[in-house]
Each structure stands twice: as C-alpha cells, then as structure tokens.
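Everything on this sheet refers to the single structure shown next.
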Amino acid sequence: MNILLLGSGGREHAIAWKLSRSAGIRKLYIAPGNAGTGITGINVDLDLRDFQEIRRFVLENDIDMVIVGPEEPLVNGIVDFFEADELTRVIPVIGPAKSAARLEGSKDFAKAFMQRHGIPTAAYRTFTASEASAAREFLRSMKPPYVLKADGLAAGKGVVICTNLAEADQEITEMLEKARFGKASEKLVIEEFLSGIELSVFILTDGQSWVLLPEAKDYKRIGEGDTGLNTGGMGSVSPVPFADEEFMEKVKINIIQPTIDGLIKENIPYRGFIFFGLINVNNNPYVIEYNVRMGDPETESVMPRIKSDLLDLFIKVAEKNLAGATLEISEDTAATVVLVSEGYPGTYEKGALIEGLDKNYPSQLFHAGTTVNDQHGEVVTSGGRVLAITSVAPELKEALALSYSTASEISYKGKTLRRDIGFDLF
Ligand code: AMP
Ligand code: GLY
C-alpha cells in the first residue's frame with residue numbers, strides 16, 4: 001500500500017518507523033516530515049492546513065490510506081473533507097471526523113460528554129465572556145488551586161493552574177474578557193483540582209471495537225524534579241509501574257468502554273486513536289483530558305513495544321473490522337529522553353549542526369525538530385524539541401542508561417535535556 005502520514009514530530013517519526021517494518025508498505029510518504037522521516041520514508045512538502053493540496057497529492061500518487069498524526073487537521077475536519085469528495089471518499093483516513101475531534105478541540109464538549117456518560121473526571125462549570133462575574137463567583141465556591149482551561153486548542157498553553165484567587169481572577173479577565181486565545185478562549189472551563197500521578201492511555205478504535213496500546217508516562221516540565229515551564233514533553237517511559245492489572249481494569253471498565261459506548265449512543269463515528277490523559281487519585285483513574293491522536297513523546301516509547309503489525313491494525317480500523325483483533329506487546333520497558341534546544345519552551349535558536357547521528361546506537365533516534373540544510377545537506381536543528389532517543393531493555397534502569405549514553409554522544413550547540421526521566425518510578 002501507499003501511505004501518506006501527516007505530521008512532522010517525533011511522534012510521526014516513530015509511527016513511520018513502525019509502519020516501515022510492515023510488509024504491506026509500498027511507499028511511505030510523510031508530510032511535511034523532518035530529517036529522520038526523510039530517511040525512513042519520503043518527505044513531501046505539504047501544508048497541513050491546505051486540504052486541497054493534500055487531496056491533490058493523494059490522488060496523483062495513488063495513496064491508499066492517510067494517517068493523521070497531529071490534532072489540528074482533525075479538529076479542522078480533514079476526515080469530513082475527504083468523505084465529502086467522490087474521489088477521496090474511498091481512501092480511508094485514520095483519525096476521527098470533526099464531530100468526534102471535539103473531544104480534544106473543545107474542553108467544554110469533552111467535559112459535558114463525560115458527564116453525560118458517567119465517566120470520572122473533575123467537577124467543572126463552563127462560562128462565556130458575558131458570564132465573567134459568575135465565573136468569579138464560582139471560583140469562590142472552590143478550594144485552591146484553581147484550574148482554568150480555555151475551551152479550544154491553544155497550542156498547549158490553554159490550561160492555567162492558579163494558587164490564589166487574585167491570580168485566578170486575573171486569568172478570567174485575560175482569557176474571557178480580553179480573549180487571550182481568540183476563539184479558543186471564548187469559553188472557559190473552571191474545574192476542581194485533582195491530586196495524583198498522571199499517565200497516558202491509548203486505544204486504537206474503529207468506533208465499535210478497540211485495542212489497548214501500551215500505556216506511558218510523559219515528563220512535561222522543562223526542569224528536573226518536574227519544575228519550571230510546561231513543554232511538549234521532555235521524555236517518556238512505558239510501561240507505567242502503577243498501572244497494574246487492577247488499575248487498568250478500572251480504566252477499561254470506567255473510562256474506555258463508557259467512552260466508546262457514549263460515541264456510539266451519540267452517533268459519533270470514530271476511526272483512529274484515542275489518548276486518555278488520566279490521573280490516578282487514590283488508585284482510581286480520572287480523565288484529565290481526551291486527545292484524538294497519539295501523544296508525543298509517548299508514541300516514541302509506545303511504538304517500540306508493539307510487536308504486532310501496525311499497518312494490519314490500521315487496515316482493520318479502516319474496514320471497521322477490529323473486533324477480535326489483539327495486540328502483541330513486548331514485556332520490556334522503553335525509555336525516551338528528549339533533546340531540546342536551549343531556551344525551549346521559550347525562544348531558541350535554530351540551524352545548529354547536529355553531530356553524532358550516524359553512529360550505531362543501542363537506541364532508536366526519532367527526529368522531531370530537525371531538517372536537512374539546503375546548502376550542505378547536513379542535519380540541523382529546526383525546533384524546540386530536536387530528537388527523542390528511545391531504548392528498550394528488560395528493566396527501566398537499563399533502558400534509561402542506554403538512552404542517556406546515546407544522548408551523550410550526540411551534540412549540537414544548545415543541547416538541553418532532563419537527566420531525571422523516570423525518577424519518580426523507582
Ligand atoms: P490538559 O491540557 O488538559 O492536559 O492540562 C495540562 C495539564 O494541567 C495536565 O497535564 C495536568 O498536569 C494539569 N491539569 C489539568 N487539569 C487538572 C486538574 N483538574 N487537576 C489537576 N491538574 C490538572
Ligand atoms: N505528551 C502529551 C501530548 O502529546 O499531548
């Protein structure tokens with residue numbers, strides 16, 4: 001089959017790497033991709049906001065399936081766009097339609113959905129711009145810290161946790177009254193703060209049946225000991241020790257199945273990944289958020305543990321034939337360390353030459369913010385997150401040691417990493 005995978009991060013390189021091991025792949029295109037996906041497959045320079053351009057490429061290159069990595073094209077309706085066109089209708093897109101992508105695209109929709117279907121999540125209320133004073137009043141009925149969330153996609157910056165009322169009042173002003181995130185903060189969700197350890201759980205579903213992928217934990221803060229600003233993710237590990245059989249049973253029975261049943265009940269078709277951002281509160285899982293895609297850098301730890309053929313699973317999803325499918329998963333532990341640019345998640349320089357990429361490592365190098373320099377054909381940095389280094393070993397300690405050893409052999413100006421990935425799991 002000819003496949004087009006949309007996206008350009010470490011997540012997409014990990015998916016491309018896994019797909020490239022499937023016997024059924026003829027051509028694997030990644031748009032726009034990065035320096036790493038350009039080695040695993042063929043990069044194509046497409047604008048993911050330009051669905052017409054994607055359509056043209058798909059038709060001209062006999063693409064048999066499109067796989068969507070990031071949420072934005074899904075929330076913008078790429079699936080609906082393909083389904084509305086006679087020529088592309090027959091080409092399956094792995095990813096949900098716009099109506100289902102609201103699970104990620106609108107926090108208010110997701111919270112109301114969970115409430116309708118009895119799925120455990122923090123208590124909440126939603127407010128619009130004309131309800132700012134009611135929002136302030138609601139705050140006063142709650143205990144700190146206060147969790148405020150812009151309703152729409154806000155590039156990962158839409159969630160603010162305030163320790164006192166003055167700060168929270170100010171946030172209401174910024175988000176609701178001054179529309180800091182434009183349309184995304186036309187509505188504001190205020191919710192109860194939940195205290196516990198977070199983990200990421202993933203399924204692949206055809207809208208009726210689902211298979212559970214390996215769970216993972218990501219490390220979001222820039223600083224060691226989980227301090228400092230939130231990033232896209234500085235590392236990940238899979239499996240997660242506290243996600244034992246008993247806990248995962250609760251996840252399946254209280255969260256995953258009710259989510260699928262809810263989608264069916266509301267006539268919302270779904271083909272693709274669901275990412276449950278969960279928090280473990282006294283051994284009970286609660287949903288912090290839904291995402292309609294895989295996590296990054298979780299995917300970089302998840303894919304290497306999947307033994308089954310990923311393309312076969314995607315075909316089953318496309319044919320709505322996932323019932324009875326099983327996933328073979330390695331018992332080993334995967335540990336991913338992300339190398340970032342100095343200054344990230346704030347401003348940082350691009351274009352630094354990356355050295356040491358071509359050695360034989362006991363790790364998998366998944367590229368994120370890398371590109372091939374036009375002038376000399378060298379691989380240079382092009383983003384905040386540069387590389388995700390994943391190693392697999394029987395024990396977490398060993399996997400981490402391998403990833404850190406590989407990390408020490410790669411160099412570029414401003415190379416920055418957290419040296420404590422997995423620290424909380426020993
Ligand atoms: P989200 O974008 O919804 O994943 O939120 C970003 C981060 O904020 C989460 O990963 C949590 O660490 C934190 N967070 C969100 N909602 C809550 C909550 N209700 N209680 C505690 N922490 C939260
Ligand atoms: N690592 C969290 C995310 O992908 O949203």
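Every number for a ligand or one of its atoms is a count from 1 in the order of the listing. All residue numbers refer to positions in the sequence shown, counting from 1.
- Taking a 6.0 Å sphere around CD of Gln364, one finds it holds more than 12 heavy atoms contributed by other residues, nucleotides or ligands.
- Taking the salt bridge (charged side-chain N to carboxylate O under 4.0 Å, His left out) definition, one finds that Glu398 meets it with nothing, sequence neighbours left out.
- At the shortest separation from atom 17 (C) of ligand 1 among protein heavy atoms lies Ile288 CD1, 3.5 Å.
- Which parts of ligand 1 touch Phe193 is read off a 4.0 Å heavy-atom cut-off, strictly below it: atoms 20 (N), 21 (C), 22 (N).
- Side-chain atoms of Glu409 and Thr406 include no donor-acceptor pair closer than 3.5 Å.
- Among the atoms of Glu289, none of the N or O lies under 3.5 angstrom from an N or O of ligand 2.
- Among all protein heavy atoms, the one lying closest to atom 1 (P) of ligand 1 is Glu289 OE1, 3.4 Å.
- Short contacts between ligand 2 and Gly232, defined as distances under 4.0 Å to a heavy atom of the residue, involve ligand atoms 1 (N).
- With a 4.0 Å heavy-atom cut-off, ligand 2 is reached by no atom of Lys217.
- Here Arg11 has no heavy atoms under 4.0 Å from ligand 2, in either its backbone or its side chain.
- Between the side chains of Ser8 and Asn34, no donor-acceptor pair of N or O atoms lies under 3.5 Å.
- By the 3.5 Å distance cut-off applied to N or O atoms, Ile161 is not counted among the residues near ligand 1.
- Taking the six-membered ring where the residue is Trp, Phe113 and His117 present tilted rings, their angle falling between 30° and 60°.
- Closest to atom 3 (O) of ligand 1, if we only count protein heavy atoms, is Lys107 NZ, 3.1 Å.
- Between Asn230 and ligand 1, not a single N/O pair is under 3.5 Å apart.
- Among all protein heavy atoms, the one lying closest to atom 8 (O) of ligand 1 is Val159 CG1, 3.6 Å.
- Closest to atom 19 (N) of ligand 1 among all protein heavy atoms lies Glu191 OE2, 2.7 Å.
- In terms of protein heavy-atom proximity, atom 16 (N) of ligand 1 is nearest to Lys149 NZ, 3.0 Å.
- In this model, a donor atom of one side chain and an acceptor atom of the other lie less than 3.5 Å apart for Thr259 and Tyr290.
- Close approach of ligand 2 to Gly295 is summarised as follows: ligand atoms under 4.0 Å from at least one heavy atom of the residue are 4 (O).
- Cation-pi geometry between Lys217 and Tyr219 is satisfied (NZ or CZ under 6.0 Å from the ring centre, within 45° of the ring normal).
- Of the possible polar contacts, one joining the Thr173 side chain to the Asp169 backbone as a donor-acceptor pair under 3.5 Å is found.
- Residue contacts with ligand 1, taken as heavy atom pairs separated by less than 4.0 Å, involve Glu192 solely via the backbone atoms N, CA, C and O.
- Atoms of ligand 2 found under 4.0 Å from any heavy atom of Asp218 (numbered from 1 in listed order, with element): 1 (N), 2 (C).
- In this structure, the protein non-hydrogen atom closest to atom 21 (C) of ligand 1 is Leu194 O, 3.1 Å.
- When only non-hydrogen protein atoms are considered, atom 12 (O) of ligand 1 lies nearest to Glu198 OE2, 2.5 Å.
- Of all protein heavy atoms, the one lying nearest to atom 5 (O) of ligand 2 is Arg293 NH2, 2.9 Å.
- Remark: side-chain polar atoms of His13 are paired, donor with acceptor, to backbone N or O of His367 under 3.5 angstrom.
- Of all the atoms in ligand 1, the ones that sit under 4.0 Å from a non-hydrogen atom of Lys220 are 10 (O).
- Side-chain atoms of Arg418 come within 3.5 Å of backbone N or O of Arg221 as a donor-acceptor pair.
- Remark: the Arg305 side chain and the Ser238 side chain contain an N/O donor-acceptor pair separated by less than 3.5 Å.
- Scanning for ring-ring contact (aromatic ring centres under 6.0 Å, His included) contacts around Phe202 gives Phe275, with sequence neighbours left out.
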